[in-house]
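One structure is given here, and the rest of the page talks about it.
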Amino acid sequence: MKKYAILIVILFSIIPLFSEVFWSGYYETELNGYDFPQNKVLTNYHKFRLNLDISPSRNIKIGGNMIYKHYGMDTEYNLMTFLPEKYRGLQSSSNDFYSIPNYNYSLKDTIFIDNLYFRLHHKYFDLILGKQQLPIGVGYAWNPLDIFNKKDIFDPTYENRGHNAFQLNIPISSQFSFTGIIQTESQFDNFTHFYELQAWLGSFDVSLVYAREKYDITTKFDLQERISQTSSSNAMARPLREIGGFSAEGELLGLGVRTEIAANKFENEMNDLKYEYIVGLDYTFTNSLYILTEFHHNDLGAKVNNTGLLNYLQYFRYEKKSVNKNYAFGMMQYPITDLATGSLSGIVNFDDRSVVINPELVYRIYQDVEITLMGNYFVGGQQDEFGYQKYGGRIRLRAYF
Amino acid sequence: MKKILTILISSIVILVGQPTGNELLNKAENIMDTEYSKAVLIQKIETTSGKMRTLKYRSYSANNGKKILMRYLEPARVRGNALLMKNNSKDIWMYNSRTRRVRKLASHAKRRNFEGSDFTYEDMGGGRKWTDEYTAKNKGEGKVRGTPCFKLVCNPKKNKNPSYSKLIIWLRKSDAYPLKINYYKNGKFLKTLFMQNIQNIEGILTAQKMVMKNHQEGTRTVMKYDKITYNIKLTKRFFSERNLKQ
């Protein structure tokens, strides 16, 4: 953190003397509520994001942002609160029943540099070095090809965290371009590679993707000492994962169409490909009503009868993009007035047949101030992914500058 | 008999002398056509509650408006966002500067209002395609703010599906520059566009002020040029997804 601070002081005090400097950012405050059968959780945070962009010349840009986040209300909670009750108990092979210990989680105030990058624009390439956002994929709620980011399906358009990476974009012709991204680690063998060949064909943008990474995956849940025979220091594994994929986004018969397909190969499962894909459609009616649907299948998700605590841990840690295998996301959005947009979205888990319905209202109080109200209504059985929780909601206020 | 013949001949002369609707529509498109342009525009949007919002953006166009790239300058909420429209807004890409994501939108997205204003994306970047999508009939003359005009009624051509079911366009008699356009959708009178303060900028007639009144919502958007130049050359590479992210 100290070295970043020194670098920032140097950059932002000297370079602006010679360059165009742009400040921007926002203040955001959010209140979240969760209603579970046995308790309620209320959390809130205040977030301040400061962006700085410096252009020493037309072709060079240095960009970055810093985030400060302060948490309030319930900042200490047990992750198990969010899970259906059946995952709170575990039977060992000898049929002794013991409970899984608490997964205590603490929300702590934080200040960090989210992005800090150098960008060089040349006629034949673009080079971006440093901590940067890496938006991957064409899906709205899920991105099977995205090996970098964590997406919240309740808020899929929120910005992603920055990643330390080296990115090179090369326009091959007016119809083709190539992107290579390398995310570095301490050892070369652990570097993450992502390569994409993009083409603009008719009314479609298509991409072919190859990626490889050391895949962080939780393999065991950490138990307390009294169950020492299963406690493990190897709770995580890092097999090599390779992905071959394809995406397309465009228009067919007047409808917006998108698809993203990823074939995953793991080093410990060489002959077994795991597929993950999305297919989506969208349309705007003449009265401005907008609808979007997306279907998601994930071979890496668990079958309903085999769903366990480990699947939830992997999902909460964003190691897998879903708990189970088959989902759908649907949204209707309508401009109620020129200042207010209403929407109704829903997420369906086809495997356990649970649903969450999310009405939302975004209202622009002033030109750069907007308030978002979102509710969540869960439907399903007590042991289902979207059935355990009863209600939820969020109020978010954001002011831009 | 002589009197009847005179009236008959005069009528024929007048009718033959009158340009057709399609000819006038074509002339209007030609007079507004520009190969390249670069402009800074300011939109002031009057909301239903009487509040004023301001939107400022930089716009680049090529091929008579068939390609347009817009970059938002204000308000802060959308600053840095950009929009690329090609092929008369059949292909639309939107760039969000906060998420650094480019999304390709299907052409139905052009029906959406541009940042809450009374202009749709199609209004903003359709290129001049009236003659492709509408058949125009010359319905005689009228006046707009005291200026004599031709009045055209435009209906969609067969097998075309434009966003508006009818347009009524008033073209200035002197040069066929459009001064007023009434937009209709599904039989309803939707909105009116007034083109005002027409000046000759680098040899091109340009309405420095455009006012769109939405009769359904009771709102109004005023769009003005802060700066504009036509003496600019923009490459094919400029109108690309890559340039959206710059």
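Below, all heavy atoms of this structure are taken into account, side chains as well, without hydrogens, waters or symmetry copies.
Heavy-atom minimum distance, B/Glu241 versus A/Trp200: OE1-NE1, 2.9 Å.
Proximity to chain B is absent for every atom of A/Leu252, based on heavy atoms less than 4.5 angstrom apart. Heavy atoms closer than 4.5 Å to chain A are found in both the backbone and the side chain of B/Arg98. Interface remark: A/Asn65 contributes no atoms to any contact with chain B (heavy atom separation under 4.5 Å). Only the side chain of B/Asn186 comes within less than 4.5 Å of a heavy atom in chain A; its backbone stays farther off. Neither the backbone nor the side chain of B/Lys86 comes within contact range of chain A, judged by heavy atoms closer than 4.5 Å. Only the side chain of A/Pro171 comes within contact range of chain B, judged by heavy atoms closer than 4.5 Å. For chain B, no part of A/Asn51 is nearby; none of its heavy atoms comes within less than 4.5 Å. At a 4.5 Å heavy-atom cutoff, A/Leu134 makes no contact with chain B through either its backbone or its side chain. Only the side chain of A/Glu370 has a heavy atom closer than 4.5 Å to any heavy atom of chain B. Looking at B/Glu74, neither its backbone nor its side chain comes within 4.5 Å of chain A, counting heavy atoms on both sides. Only the backbone of A/Phe401 comes within less than 4.5 Å of a heavy atom in chain B; its side chain stays farther off.
B/Arg242 CZ to A/Asp126 CG: the interatomic distance, rounded to the nearest 0.5 Å, is 4.0 Å. Interatomic distance, A/Tyr26 OH to B/Arg77 CZ, rounded to the nearest 0.5 Å: 14.5 Å. Rounding to the nearest 0.5 Å places CZ of B/Arg53 at 5.0 Å from CZ of A/Arg364. Of the inter-residue distances, the one linking A/His121 atom NE2 with B/Asn243 atom CG reads 6.5 Å to the nearest 0.5 angstrom.
B/Arg112 forms a cation-pi arrangement with A/Tyr290, by the criterion of a distance under 6.0 Å to the ring centre and an angle within 45° of the ring axis.
Using non-hydrogen atoms only and a strict 4.5 Å limit, the part of residues 172-182 of chain A facing chain B consists of A/Ser174. Contacts between residues 101-108 of chain B and chain A, counted as heavy-atom pairs separated by less than 4.5 Å, involve B/Arg101, B/Arg103, B/Lys104, B/Ala106, B/Ser107, B/His108.
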Output side-chain donor-acceptor pairs under 3.5 Å for residues 37-45 of chain B, partner residues at least two apart or in another chain, one line each.
residue, atom, partner, partner atom, Å
B/Ser37, OG, B/Ser61, OG, 2.7
B/Gln43, OE1, B/Ser117, OG, 3.4

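Across B/Asn96, B/Thr99, B/Asn214, B/Asp118, the residue that shares the most heavy-atom pairs under 4.5 angstrom with chain A is B/Thr99. Top candidate by heavy-atom pairs under 4.5 Å with chain B, chosen from A/Ser203, A/Gly250, A/Pro335, is A/Ser203. The candidate with the highest count of non-hydrogen atom pairs below 4.5 Å against chain A, out of B/Lys110, B/Arg237, B/Lys90, is B/Arg237. Chain B forms more heavy-atom pairs under 4.5 Å with one residue of A/Tyr366, A/Phe125, A/Phe204 than with any other, namely A/Phe125.
Counting non-hydrogen atoms of other residues, nucleotides and ligands closer than 6.0 Å to NZ of A/Lys69 gives a total above 12. Counting heavy-atom neighbours within 6.0 Å of B/Lys139 NZ, excluding the residue itself, gives a total of 12 or less. For A/Lys150, the NZ atom is loosely surrounded, since the number of other residues' heavy atoms within 6.0 Å does not exceed 12.
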Could you walk me through whether A/Thr286 and B/Ser163 pass the side chain to side chain contact (heavy atoms under 4.5 Å, CB included) test, one step at a time?
-> CA-CA 8 Å; A/Thr286 51; B/Ser163 297; over 6 Å; no
Verdict with reasoning, B/Thr54 to A/Gln367, per side chain to side chain contact (heavy atoms under 4.5 Å, CB included) = CA-CA 8 Å; B/Thr54 302; A/Gln367 182 138 285; 4.0 Å; yes
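By the ring-ring contact (aromatic ring centres under 6.0 Å, His included) test, A/Tyr140 pairs with A/Phe329, sequence neighbours left out.
Side-chain contact annotation: B/Trp93 with A/Asp205, donor-acceptor N/O pair under 3.5 Å present.
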